[in-house]
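Taking it in order: structure first as structure tokens, then the write-up.
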Amino acid sequence: QKELEAPGLLKEADVPEDYLGQLDALLREFDTLAEFLEHAALVKEGTKDSDANVVQLMTIHRAKGLEYKLVFLAGWDDTVLPSIMSFKEAGAEGVEEERRLAYVALTRARDVAVITHVAEQAQWGRAGAAYPSPFLAELPRKHVKRMKPKQN
């Protein structure tokens, strides 16, 4: 049985790798992403203090105007951010809107932003290579620390 409280889940931000390990351990407690998100929603429901030391999941749109010590930004993959649909539907304007949203997401972090992307993905039942979002190449190199996942 999983606890609904999450205080202490994230420790003081000294080493970002520590956060990744804690997030990885937490995610492994759940069989599906849907179960994790349901759990996170229950944790959020019980949290009144927005500065509490808990994980808060939200969309980029909902995060506008808010700021956190540490922000995890998942899914920064090519065709996901920017979305292939935004390009098909709105062309360069759609990509620019997604670039603005990416900027909003990044600037929600006061101290550390951890951005993830997948190395491979399954499409139509077949595994294939995946590539990082082109937006990652636009980040100033002096502020980026690339990390590879630990192999089990």
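This one's a predicted model, so the numbers in the text were calculated from it and none came from an experiment. Residue indices begin at 1 and follow the sequence shown.
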Step-by-step side chain to side chain contact (heavy atoms under 4.5 Å, CB included) determination, Ile84 to Lys88: CA-CA 6 Å; Ile84 191 104; Lys88 285 181 179 179; 3.9 Å; yes

Considering all heavy atoms, the nearest Ser83-Ser86 contact: O-OG, 2.8 Å

Short side-chain to backbone donor-acceptor contact, Ser133 and Leu81, under 3.5 Å: yes

Taking every non-hydrogen atom, the tightest pair across Glu120 and Ala127: OE2-CB, 4.1 Å

Hydrophobic cluster identity match, Val71 and Leu66, side-chain contacts under 4.5 Å: yes

N/O donor-acceptor pair under 3.5 Å between Thr107 side chain and Tyr103 backbone: yes

Derivation of the side chain to side chain contact (heavy atoms under 4.5 Å, CB included) call for Trp76 and Leu136: CA-CA 8 Å; Trp76 282 48; Leu136 291 174; 3.6 Å; yes

Residue pair Asp78 / Pro134, side-chain heavy-atom distance below 4.5 Å: yes

Donor-acceptor pair, side chain of Glu35 and main chain of Asp31, under 3.5 angstrom: yes

Sole residue of Leu106, Val95, Ile115 in side-chain contact (heavy atoms from CB on, under 4.5 Å) with Phe135: Val95

Polar side-chain atom of Asp111 near backbone of Leu70 as donor-acceptor pair, under 3.5 Å: no

Side-chain touch His143/Leu139, heavy atoms, less than 4.5 angstrom: no

Within one Ile-Leu-Val-Met-Phe-Trp-Tyr cluster: Met147 and Val112, side-chain cutoff 4.5 Å: yes

Closest approach of Val80 to Glu98 (non-hydrogen atoms, all atoms of both residues): O-OE1, 3.9 Å

Minimum-distance pair of heavy atoms, taken over all atoms of Glu93 and Arg100: O-NH2, 4.5 Å

Pair Arg108 + Glu67: basic N to acidic O under 4.0 Å: no

Thr116 versus Ala74, closest heavy-atom pair with distance: OG1-CA, 3.1 Å

Linked, directly or transitively: Met85 and Phe87 (ILVMFWY side chains, under 4.5 Å): no

Leu57 versus Arg62, closest heavy-atom pair with distance: O-NH1, 4.2 Å

